[in-house]
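I have placed the structure first, in the form of structure tokens, so that the comments after it can refer back to it.
Remember, it's 1-based here, ligands and their atoms both numbered in the order they're listed. From a predicted model like this one, the values you see are computed outputs, not experimental measurements.
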Amino acid sequence: MSDSKPEPVQNAAESLSFKAETRQLLNILIHSLYKDREVFLRELLSNASDALNRIRFEMLTEHQVLDPAAELAIHITVDKDKRLLILQDTGIGMTREEIIENLGTIAQSGARKFMEATRDSKTDFSQVIGQFGVGFYSVFMVAERVQVTSRSFKPRARAVSWVATGEDRFEVSPAEMNTRGTKVEILLKPDAAEFAEEYRLQEIIHKHSDYIGFPIFLGDAKEPVNKQASLWRTPKQELTSEQYQEFYRQATLDFEEPLLHIHIITDVPVQLFALLFIPGKAERGLFSLRKEDGLKLYSRNILIDEYNKALLPEYLRFVQGVVDSEDLPLNVSRETIQSTGLMTRLKKVLTNQVLKDLEALAGKEPEKYQQFWHEYGPFLKQGVAMEPAETEALAPLLRFKTNLHPESWCSLEEYAGRMQPDQKVIYYLVGENPKSILLSPHLDYFQAQGTEVLLLTEPVDSFMLMGLHKYKELELKNVAQAELPEKPKEEPKAEEIPAGEFQTLLERFKQVLGERVGEVRASERLSQSVARLVDPQGAMNPEMQRVYKYLGKEYEAPHKILELNPAHALLGALLKLKPDSALQALVIEQIYDSALLVEGLHPDPSSMVPRLQQLMQAALEHPEE
Ligand code: ADP
Ligand code: MG
């Protein structure tokens with residue numbers, strides 16, 4: 001439009017009322033004693049930076065801009081005696097309508113959320129007030145009176161001034177201002193006079209606003225006080241762990257320290273800056289800012305995707321952070337980004353680094369790694385199941401409980417180091433839960449030999465085993481397999497039931513159990529337990545059977561082999577009962593059911609109750625001698 005007449009003058013000063021929730025928020029900010037009041041400066045600087053970003057963007061297409069040559073910058077001045085702090089930017093500015101809306105009458109759901117968060121939590125949420133979209137008002141933690149004067153970039157707009165003291169109303173009136181941008185003048189509360197000291201402001205800027213992308217000038221200084229680079233583009237050696245943590249907190253609103261940060265700055269094989277975090281907890285907190293999984297993807301410092309899921313494999317979806325690459329073309333849509341080979345290369349570099357840093361953490365800080373494993377173990381197991389190419393990198397990160405150390409976690413490397421001199425494979429057992437698995441008859445032999453067996457009791461373990469067949473040169477073997485362990489034949493033990501009599505017993509079992517078992521035979525491997533169920537050769541292995549079960553798939557359950565322990569006293573006593581007696585059949589049924597139960601295969605354990613009552617009854621009718 002070529003109409004360059006200025007807007008009609010609105011002479012009148014106007015007094016307007018803040019929105020209800022803003023009034024409450026102001027009341028709280030003014031009267032609470034926040035520790036971190038200094039963050040108001042970060043909020044004002046962040047608004048100035050937003051306004052500068054917007055004018056830069058506007059100038060790409062819009063030529064009718066006031067002061068097109070003005071330097072994009074922020075100037076801060078103080079008057080200590082008057083307790084005055086003034087921030088001025090050359091950003092996009094605000095018109096009268098905009099200032100009324102933005103700083104007073106817009107409905108602020110964030111205000112309510114902020115108040116809820118501060119009420120229900122011990123955390124000092126003033127630190128992150130900006131994340132609730134009401135950062136501007138944090139100035140009332142330190143201000144007695146605030147005046148905002150602004151001149152929009154639109155050439156016809158007139159300057160406007162906004163004044164508030166934190167009461168229920170604010171005043172808007174025409175103002176004198178010839179240059180584009182916004183000036184915020186703060187009369188500080190007497191107890192906030194420190195914020196009119198340049199050295200103090202400098203300190204705060206270094207702490208919270210060093211990475212603002214526009215120069216911030218303090219007083220008469222010719223050099224900006226801030227670094228102007230984003231944190232992830234800043235060399236590691238210039239950063240402290242506090243800075244990393246603060247960045248993480250701001251990005252996620254998670255107040256728990258992250259378990260690990262991973263900072264990558266590299267040029268090969270792709271140009272890449274990345275700053276990744278592993279949160280302290282797998283569960284996202286109530287106030288988390290991150291609504292979805294995925295990393296923030298920047299290209300040359302400009303955000304192009306808030307939740308990018310293509311930069312890491314799915315099993316690492318708990319990782320938070322930003323990725324920034326100069327190599328990404330800026331003008332491509334999100335969809336085409338996903339399909340470029342560059343994304344694949346970025347993903348590879350990021351994945352490798354995450355796994356490498358986790359391995360380093362395991363070596364340097366085993367306790368912290370345990371914490372990590374506790375939270376994220378199932379994710380890595382899922383990785384083994386889903387990404388065969390990464391099994392080798394993931395294997396050293398896995399942790400297991402074992403029959404010999406059921407309370408602590410061990411790595412496959414530690415297991416290998418503790419193996420028996422003649423042991424050639426890694427043994428494992430799959431079960432339902434950490435307690436019952438220790439009762440498994442499959443452990444009998446290993447327990448007696450002092451041989452270590454990995455105990456796998458999570459549903460995801462069965463899936464993991466589909467991808468984990470070997471660690472280094474060592475094969476993994478399930479001890480529930482009938483042919484394990486390969487044991488030299490020994491002479492029958494003294495207490496064993498003689499072979500002939502035992503044969504009668506086996507037949508009796510077969511007769512009672514019928515089709516339910518494929519075979520009943522003597523075991524060479526049981527010592528403590530009466531019986532165990534094993535699979536016939538060639539059957540689907542136990543973890544696959546479980547996978548089928550979890551996936552709800554139909555499969556023909558194999559007719560298992562019931563193995564009996566010829567040296568067990570219970571079987572000796574059973575033989576002494578009247579052949580074909582009802583009690584003998586009851587005991588046989590119960591032995592079978594118990595074997596199913598420890599195997600985690602019993603379809604309906606409560607069905608055993610009537611039988612157990614009968615057995616108790618029988619025991620009481622023949623009291624102990
Ligand atoms: P947020 O920055 O999250 O939007 P704030 O409470 O910090 O919330 O700011 C409210 C709004 O006021 C901003 O969205 C912006 O439109 C306007 N605003 C604040 N400061 C400035 C400024 N320096 N220049 C231009 N607009 C501003
Ligand atoms: Mg803001």
Side-chain angles (χ1 to χ4, degrees), residues 16 18-19 21-26 28-29 39-59 65-67 70-77 85-115 117 125-143 146-154 157-164 166 170 172 175 177 179-186 208-209 211-217 250-251 253 287 289 303 306:
L16 293 144
F18 284 112
K19 267 265 141 103
E21 61 266 43
T22 310
R23 284 206 299 268
Q24 286 172 23
L25 175 65
L26 287 174
I28 287 176
L29 287 170
V39 299
F40 82 93
L41 187 65
R42 179 189 63 207
E43 293 308 325
L44 296 181
L45 288 171
S46 129
N47 286 347
S49 165
D50 290 347
L52 288 161
N53 265 318
R54 289 174 61 198
I55 190 63
R56 185 163 66 184
F57 186 80
E58 211 55 59
M59 285 197 289
V65 165
L66 184 66
D67 294 342
E71 186 194 11
L72 300 181
I74 303 165
H75 288 268
I76 302 180
T77 47
L85 165 62
I86 302 168
L87 289 88
Q88 182 154 15
D89 65 65
T90 50
I92 195 156
M94 285 177 274
T95 63
R96 186 183 173 103
E97 288 75 45
E98 285 168 342
I99 215 167
I100 290 173
E101 161 121 353
N102 292 340
L103 303 185
T105 60
I106 197 171
Q108 289 288 8
S109 60
R112 208 175 43 248
K113 286 199 189 116
F114 175 79
M115 290 184 283
F125 271 84
S126 63
Q127 276 189 67
V128 290
I129 183 169
Q131 305 290 7
F132 293 83
V134 289
F136 172 77
Y137 298 112
S138 65
V139 70
F140 287 100
M141 296 191 291
V142 299
V146 180
Q147 172 158 14
V148 180
T149 311
S150 196
R151 171 90 190 247
S152 164
F153 75 104
K154 296 170 187 155
R158 290 180 180 277
V160 59
S161 128
W162 174 105
V163 178
F170 60 96
V172 177
M177 186 165 171
T179 53
R180 185 193 69 219
T182 302
K183 178 155 99 177
V184 182
E185 291 169 274
I186 301 153
H208 296 292
S209 308
Y211 307 103
I212 289 211
F214 299 94
I216 304 171
F217 297 97
Q250 287 295 321
L253 266 196
F287 295 105
L289 278 182
L303 183 64
E306 178 78 40

Q) When the ring planes of F136 and F140 are compared, do they come out parallel, tilted or perpendicular, using 30° and 60° as the limits? A) perpendicular

Q: Would you check the N or O atoms of D89, main chain and side chain alike, for any that come under 3.5 Å of an N or O of ligand 1?
A: yes

Q.
Between ligand 1 and G133, is the shortest N or O to N or O distance under 3.5 Å?
A. yes

Q: Please check if the side chain of R180 supplies one atom and the backbone of T90 the other of a donor-acceptor pair under 3.5 Å.
A: yes

Q. Just which atoms of ligand 1 are under 4.0 Å from any heavy atom in L103?
A. 12 (O)

Q.
What protein heavy atom lies closest to atom 9 (O) of ligand 1? Include the residue and the distance to one decimal.
A. N47 ND2, 3.6 Å

Q: Work out which heavy atom in F114 is nearest to a heavy atom in L25; give both atom names and the distance.
A: CD2-CD1, 3.4 Å

Q. How does L44 reach ligand 1, if at all, at less than 4.0 Å between non-hydrogen atoms: by side chain, backbone, both, or neither?
A. neither

Q. Within the structure, does E43 bring an N/O atom to less than 3.5 angstrom of an N/O atom in ligand 1?
A. no

**Q.** Within-cutoff protein neighbour (heavy atom, under 4.0 Å) for atom 14 (O) of ligand 1
**A.** no

Q: Using distance alone, determine whether A51 and ligand 1 share an N or O pair under 3.5 Å.
A: no

Q) Heavy atoms of the protein only: does one fall short of 4.0 Å from atom 4 (O) of ligand 1? A) no

Q) Rounded to the nearest 0.5 Å, how far does NE2 of H75 lie from CZ of F217? A) 5.5 Å

Q) Does M94 reach ligand 1, in the sense of a heavy atom lying below 4.0 Å from it? A) yes

Q: Just jot down the ligand 1 atoms closer than 4.0 angstrom to any heavy atom of G135, in number order.
A: 5 (P), 6 (O), 7 (O)

Q: Decide side chain to side chain contact (heavy atoms under 4.5 Å, CB included) for L45 and F40; before the verdict, give the C-alpha distance in whole Å, the side-chain angles of both, and the deciding distance to 0.1 Å.
A: CA-CA 9 Å; L45 288 171; F40 82 93; over 6 Å; no

Q. Is the backbone of M177 close enough, under 3.5 Å, to the side chain of R151 for a donor and an acceptor to pair up by distance?
A. yes

Q. Got a sec: is N47 within less than 2.8 Å of the Mg ion (ligand 2) via an N/O/S atom?
A. yes

Q) Roughly how far, to the nearest 0.5 Å, is the CG atom of D89 from the NZ atom of K183? A) 11.5 Å

Q. Quick one: nearest non-hydrogen protein atom to atom 6 (O) of ligand 1, plus distance?
A. F136 N, 3.0 Å

Q. Which of the numbered atoms in ligand 1 are below 4.0 angstrom from a heavy atom of V134?
A. 6 (O)

Q: Considering non-hydrogen atoms only, spot the tightest contact between T149 and E185 and give its length.
A: OG1-OE1, 4.0 Å

Q. Which residue owns the protein heavy atom closest to atom 16 (O) of ligand 1, what's the atom, and how far is it?
A. N102 ND2, 3.1 Å

Q: Quick one: closest heavy-atom pair of I100 and F170, and the distance?
A: O-CZ, 4.1 Å

(Q) I'd like to know whether E98 forms a salt bridge (Lys or Arg N to Asp or Glu O under 4.0 Å) with K154, so could you lay out the CA-CA distance, the side-chain angles of the two residues, the decisive distance to 0.1 Å, and finally the verdict. (A) CA-CA 12 Å; E98 285 168 342; K154 296 170 187 155; 3.6 Å; yes

